[in-house]
Amino acid sequence: MRIEQTDGQGAGGLETAVAELEAAPSFPAAYAARVRAAVRRLDPLPPTLDVAGALALVTQEARIDVDAPLRTRRRGAKAAKIVIKRMTAWYLKYLGDQVSDLGQAIVHLGEALAERVDGVREEVDDLRDRVTRLEAQSRERGDGS
């Protein structure tokens with residue numbers, strides 16, 4: 001079956017067509033579920049991302065791998081890849097190191113900001129407790145609202 005989206009159909013029409021395909025008895029639901037699960041595992045982002053998770057993700061992704069793979073099925077291409085790799089290795093390493101250093105600096109900035117936010121959060125909690133205590137004392141004295 002071929003799905004064509006006309007100008008008047010919009011995203012809702014496409015979603016309807018997909019739902020109809022999935023509802024058909026010939027739709028391979030088990031296979032689609034396995035594919036969707038595999039795609040979710042490839043996603044670098046966790047389902048929920050907090051500050052610690054975001055920093056861990058940046059740390060993981062900040063290292064740049066400059067060692068390009070040499071595998072190929074085409075004849076003679078491997079030799080060409082080796083020559084290009086040897087000619088550009090010094091530059092790619094230099095560039096990769098700079099990008100990796102930037103990633104690490106971003107992680108350090110994120111950690112510093114997270115610590116600062118946690119400190120502000122603690123101060124706000126302390127002030128909230130203090131205001132609650134003062135309001136309670138004020139009510140006990142009968143000073144008003």
Report the C-alpha separation of V66 and L95 in whole Å, then their side-chain angles, then the decisive distance to 0.1 Å, and conclude whether the side-chain contact (heavy atoms from CB on, under 4.5 Å) test is met. CA-CA 9 Å; V66 296; L95 187 64; over 6 Å; no
Atom [atom1] in [X], atom [atom2] in [Y]: separation rounded to 0.5 Å?
X    : Y    : atom1 : atom2 : value
Q137 : T132 : CD    : OG1   : 11.0 Å
L21  : T16  : CG    : OG1   : 11.0 Å
E123 : D118 : CD    : CG    : 11.5 Å

For A38, all residues meeting side chain to side chain contact (heavy atoms under 4.5 Å, CB included), sequence neighbours excluded: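 Partners of A38 under the side chain to side chain contact (heavy atoms under 4.5 Å, CB included) test: R41.
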The criterion is side chain to side chain contact (heavy atoms under 4.5 Å, CB included); which residues satisfy it with D125, sequence neighbours excluded?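 Applying side chain to side chain contact (heavy atoms under 4.5 Å, CB included) to D125 gives R121, R128.
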Pairwise side chain to side chain donor-acceptor pair (under 3.5 Å) hits with a residue in [range], at least two apart:
range           : result
residues 27-37  : E22-R36
residues 95-104 : K93-D97, Y94-Q98
residues 71-91  : D67-K85

Is there a path of hydrophobic side-chain contacts, each under 4.5 Å between heavy atoms of I, L, V, M, F, W or Y residues, that connects V58 with L102?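 As far as the 4.5 Å side-chain criterion goes, L102 and V58 are connected within one cluster.
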Under 4.5 Å between side-chain heavy atoms, hopping through other hydrophobics if needed: is there a path connecting L92 to V99?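 As far as the 4.5 Å side-chain criterion goes, V99 and L92 are connected within one cluster.
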Who pairs with E115 by side chain to side chain donor-acceptor pair (under 3.5 Å), at least two apart in sequence or on another chain?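 Not a single residue meets the side chain to side chain donor-acceptor pair (under 3.5 Å) criterion with E115.
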Pairwise side-chain contact, V117 with V51, heavy-atom cut-off 4.5 Å (strictly under):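 Of all side-chain heavy-atom pairs linking V51 with V117, none is under 4.5 Å.
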